[in-house]
Amino acid sequence: MKVIIITGMSGAGRSRAADWFEDQGYYCVDNMPPALIDSFLEMASVDTNRLDKVVFVADLRSGSFFDKLSRVIDDLRNRPGVDLTVLFIEASSAEIVRRYNEVRRSHPITGSEASQEVIEDEMRQLEPIRKKADLILDTTNLKVPEMAAELDRMIYGGSGSSNFAVNISSFGFKYGLPSEADVMFDVRFLPNPYYVASLKRLTGNNRKVRDYIFKSELADQFVDSVHILLRAMIRGYIDEGKYHLNIAFGCTGGHHRSVAIANAVAEEFKKDGMRVRIHHRDLDLQNKGK
């Protein structure tokens with residue numbers, strides 16, 4: 001099990017880092033009392049609840065519990081089956097003061113203004129944990145996309161696209177548009193198997209339906225063109241610190257054409273080595289008479 005403990009300065013970007021890890025498929029737990037980490041991992045190791053990648057965000061908000069973090073780190077490093085990385089995030093005291101003033105928030109430890117003195121005191125308290133860190137990330141001069149790129153370099157060696165999640169779905173226009181889609185394509189220009197008696201009750205997952213659709217040169221041309229377009233977009237998404245893209249393909253009923261095209265595009269991205277998830281939203285609705 002891969003375990004990441006994110007700790008460090010308040011206002012330095014711990015939550016941003018946790019969001020990034022969540023986009024990489026990690027299960028994230030914020031403000032976890034260190035004394036409970038071991039119990040959580042025991043529960044997460046049971047087959048019915050098994051987790052392979054977990055992130056804990058632990059900091060001085062945990063009060064006296066935070067004193068136990070050093071011992072927990074030592075225990076986890078000696079625990080079989082656990083691959084532990086401690087990530088310490090920091091920024092200059094002046095930058096942290098600026099960030100808190102910009103959003104008009106109180107410092108979470110004192111509940112009062114984020115002054116230079118408060119932040120320097122937090123730095124002193126965190127120094128023993130900082131010395132145990134495997135990775136130290138200074139976010140003083142980093143914008144969010146730059147921080148994401150630096151995390152990608154630290155954790156994955158800067159591989160970028162191999163960690164990008166491409167979420168591909170099919171849908172039927174007659175059942176409404178998918179609200180979660182970032183990019184949507186209408187494939188109703190392709191030959192419709194619905195009007196072929198032997199194919200009507202089959203789906204786009206069936207080889208006969210797929211072969212019928214791809215008899216049209218337009219189908220192959222469309223898949224190739226969409227693949228090229230989306231790959232270019234994904235490079236831009238990664239540069240902007242984003243790690244997933246939701247792509248939807250629609251036809252009339254979400255039963256034939258959109259399913260076959262979504263599957264074909266998904267295969268292209270799998271060949272690129274990307275993480276691909278596919279979901280056929282309306283696949284069963286036609287046979288249910290809806």
Side-chain angles (χ1 to χ4, degrees), residues 22-26 50 52-53 156 159-240 242-290:
E22 195 165 42
D23 285 341
Q24 311 311 307
Y26 282 79
R50 188 167 185 82
D52 295 321
K53 302 190 294 184
Y156 296 113
S159 54
S161 62
S162 64
N163 309 308
F164 196 94
V166 180
N167 303 316
I168 297 177
S169 64
S170 66
F171 70 94
F173 280 97
K174 67 191 289 185
Y175 303 116
L177 301 178
S179 60
E180 71 281 1
D182 298 311
V183 183
M184 195 180 307
F185 295 96
D186 184 348
V187 298
R188 288 177 291 186
F189 63 90
L190 294 171
N192 192 351
Y194 180 80
Y195 296 108
V196 179
S198 62
L199 303 179
K200 182 176 180 178
R201 293 297 176 186
L202 302 177
T203 75
N205 287 327
N206 186 281
R207 183 174 179 178
K208 291 180 180 179
V209 171
R210 186 188 185 286
D211 288 347
Y212 177 84
I213 293 168
F214 279 85
K215 279 182 181 178
S216 167
E217 292 182 3
L218 277 175
D220 278 315
Q221 291 172 4
F222 178 75
V223 169
D224 291 342
S225 298
V226 165
H227 180 223
I228 292 169
L229 171 65
L230 293 174
R231 277 198 308 183
M233 292 176 63
I234 286 169
R235 285 195 295 271
Y237 269 76
I238 292 171
D239 290 343
E240 289 299 312
K242 298 176 182 178
Y243 281 84
H244 60 83
L245 179 64
N246 299 324
I247 308 158
F249 296 91
C251 62
T252 304
H255 200 229
H256 296 105
R257 293 167 291 180
S258 61
V259 173
I261 294 297
N263 288 342
V265 173
E267 286 303 314
E268 294 303 313
F269 282 113
K270 287 178 183 177
K271 292 175 187 175
D272 293 338
M274 291 187 179
R275 291 189 295 141
V276 179
R277 306 184 187 102
I278 190 159
H279 172 60
H280 299 302
R281 191 191 73 177
D282 302 327
L283 190 63
D284 298 325
L285 294 184
Q286 186 166 313
N287 286 336
K288 293 178 180 178
K290 295 185 180 180

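Here, residue 1 is the first one in the sequence, and each next residue gets the next number.
- With hydrogens and angles ignored, the 3.5 Å screen pairs a side-chain donor or acceptor of Asn192 with a backbone N or O of Tyr194.
- Annotation for Val166 and Met274: closest pair CG2-SD, 3.8 Å, computed over non-hydrogen atoms.
- Taking the six-membered ring for Trp, Phe171 and Phe173 have ring centres closer than 6.0 Å.
- Counting only distance, with no hydrogens or angles, the side chain of His256 and the backbone of Leu202 share a donor-acceptor pair below 3.5 Å.
- Residues forming a salt bridge (Lys or Arg N to Asp or Glu O under 4.0 Å) with Glu267 (at least two apart in sequence, or on another chain): Lys270.
- Residues in residues 209-223 take part in no side-chain hydrogen bond (donor to acceptor under 3.5 Å, both in side chains) pair, two or more places apart or across chains.
- Residue Asn246 comes nearest to Glu180 through the heavy atom pair ND2-O, 3.2 Å, listed as atom of the first residue, atom of the second, then distance.
- Ring centroids of Phe189 and Phe222 are separated by less than 6.0 Å, placing the two rings close together.
- Nearest heavy-atom pair, Ala262 versus Ser169, reported as atom, atom and distance to 0.1 Å: CB-O, 4.2 Å.
- Under a 3.5 Å cut-off, the side chain of Lys208 and the backbone N or O of Ser198 do not form any donor-acceptor pair.
- Ring pair Phe269/His227 is perpendicular by interplanar angle, where above 60° counts as perpendicular and below 30° as parallel.
- Using modelled atom types, one side-chain atom of Arg257 and one backbone atom of Arg188 make a donor-acceptor pair closer than 3.5 Å.
- When all heavy atoms of Ile213 and Ala260 are compared, the closest pair comes out as CD1-CB, 3.7 Å.
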